[in-house]
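Notes follow once the structure below has been shown.
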Amino acid sequence: MTTKPSFHLLPMPMHSVILFIAWLLLNNTVAPGHLVLGAFLAIAIPLLTSGMQDPQPGFRKPIATIRYVLMVIFDIIVANFEVAVLVIGPAKKLQPAFVAIPLDIEHELPITILASTVSLTPGTVSAEISEDKKWLYVHVLNLTNEEELIALIKHRYERPLKEIFKC
Amino acid sequence: MEFWIELVVSVFLVVGAVFVLIGSLGLAKLPDFYTRLHGPTKATTLGMGCLLAASVILVTYQQGYLSLHELLITLFLLITAPVTAHMLAKTAMHHNLEILDKTSNKALTKRARDRINP
Amino acid sequence: MLSTAIVIATTLVCIALILNLWRLFIGPGRPDRILALDTMYINSIALIILFGIYSGTTLYFEAALLIAMLGFVSTAAMCKYILRGDLIE
């Protein structure tokens, strides 16, 4: 870890905002005392912990990020109905499969977000990632077409992430 | 209590509980570990989301102010469910758990286990 | 109507818990049992939330949040322990 050349009051602004909101949600209030205490914690905790963080690419585009989050929430609901139908239906009709998906994005944070999205949405669970972070192994509950699934994940989830993180 | 709030809360509660049940049903009846993993990670997460949404609506109506702290549990479960699923899949691969015979690309588990490219 | 919905929801969640318990007993491998325990803690959060709605208090929110956090940490710890044990062999 290199020493910091200058002192920043907010070394991790995103984390500060999340901490502040989480504190207010935890206490379920917007009373002035909790606003002050939350602001203090939101400044103090990142100052204490910023030295432990690995540098990650930041969120470049807020609007694209919000659109991505809304799309994922919608997809979670749709995928849940599909998985529910598959679970209730006869288990003999299922065609489980392992699929390796080539990754274009780099860095740990975008890959983690992609793997989490893949686990939550289209009937897939991310199982493992290759050592060089170029391939994502997923398990599919009911595979109909391998190329279609890879194209769906790359087109629908990976491309927006690539745009958001510029990598 | 107004009728439509009661209706919305009741629908959310029953739908959420049905999804929780479907997740556990998948855990109980599906044939191998990797397929079992799908039920709890997806259906249970949405079920909990529905139950907590019902709680948010009801408490907001009863107390008279916006009460969002149940959202914290929803967010927490939404973030941790994929992590748990990933770690369990990893554990299962390292244990060489038996895989259903009709699974296609079964050989990929060996490559994934050693984290090498396919 | 709401009290009926709460009773129905609680019944469904209890059936889900029994199914999890069954998987915990028969589960062929250790990962199956960890998965069953993981689902059980999520379902018990559901039960606590339903009890909170039933009794009309928000007191149980902290308990639910604590179970969510400790459950995740314990699942991660158990997975890590099994993975490490296997790796060292």
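Just so we're on the same page: letters track the sequence lines, and every chain starts at 1. What you see is a predicted model, and the numbers here were worked out from it, not measured in a lab.
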| request: Between chain C and each of B:Lys90, B:Arg36, B:Met48, count heavy-atom pairs under 4.5 Å; write down the option with the most. | output: B:Arg36
| Can you check side-chain hydrogen bond (donor to acceptor under 3.5 Å, both in side chains) on B:Thr44 and C:Asn43, steps first, answer last? | CA-CA 8 Å; B:Thr44 306; C:Asn43 290 0; 4.9 Å; no
| request: Using a cut-off of under 4.5 Å on heavy-atom pairs, state which of C:Leu50, C:Ile45, C:Ile53 scores highest against chain B. | output: C:Ile53
| query | Are any non-hydrogen side-chain atoms of B:Val20 and C:Ile42 less than 4.5 angstrom apart? | reply | no
| Using non-hydrogen atoms only, which part of B:Phe33 is less than 4.5 Å away from chain C: side chain, backbone, both, or neither? | both
| What residue in C:Leu35, C:Leu65, C:Thr39 has the most heavy-atom pairs under 4.5 Å with chain B? | C:Leu35
| field | Nearest non-hydrogen partners of B:Ser24 and C:Ala16, listed with the distance | value | OG-CB, 3.4 Å
| remark: Residue from C:Val13, C:Asn20, C:Ile49 scoring the most non-hydrogen pairs under 4.5 Å with chain B is C:Asn20
| field | Close side-chain approach of C:Thr75 to B:Met87, heavy-atom, < 4.5 Å | value | no
| message | What I'd like to find out is whether the side chain of C:Leu2 reaches to under 4.5 Å of the side chain of B:Leu13, using heavy atoms alone. | response | yes
| Engaged part of B:Val15 at the chain C interface, taking heavy atoms whose separation is under 4.5 Å | neither
| message | Is C:Phe72 close to chain B through its backbone or its side chain, or both, or neither, when contacts mean heavy atoms under 4.5 Å? | response | side chain
| Quick one: what part of C:Met40 sits under 4.5 Å from any heavy atom of chain B, side chain, backbone, both or neither? | neither
| query | Just wondering, more than 12 heavy atoms not from C:Tyr54 lying within 6.0 Å of its OH? | reply | no
| remark: Answer key: most heavy-atom pairs under 4.5 Å with chain B among C:Gly71, C:Cys79, C:Ala5, C:Ala68 is C:Cys79
| said: Shorter than 4.5 Å, heavy atoms on both sides: which option in C:Ile8, C:Thr10, C:Leu12 has the most such pairs with chain B? | reply: C:Leu12
| field | Pairwise distance CZ(C:Phe61) to NE2(B:His69) - rounded to 0.5 angstrom | value | 5.0 Å
| request: Under 4.5 Å heavy-atom distance to chain C, tell me which part of B:Leu7 shows up: side chain, backbone, both or neither. | output: both
| query | Which heavy atom in B:Phe3 sits nearest to a heavy atom in C:Met1, and how many Å separate them? | reply | CE1-CE, 4.0 Å
| said: Taking side chain as everything from C-beta outward and backbone as N, CA, C, O, which of these in C:Ile18 sits under 4.5 Å from a heavy atom of chain B? Side chain, backbone, both or neither. | reply: neither
| request: Go through the atoms of C:Asp38 and report whether side chain, backbone, both or neither lie under 4.5 Å from a heavy atom of chain B. | output: side chain
| task | Identify which of B:Leu21, B:Leu37, B:Leu27, B:Leu51 forms the greatest number of heavy-atom pairs closer than 4.5 Å to chain C. | result | B:Leu27
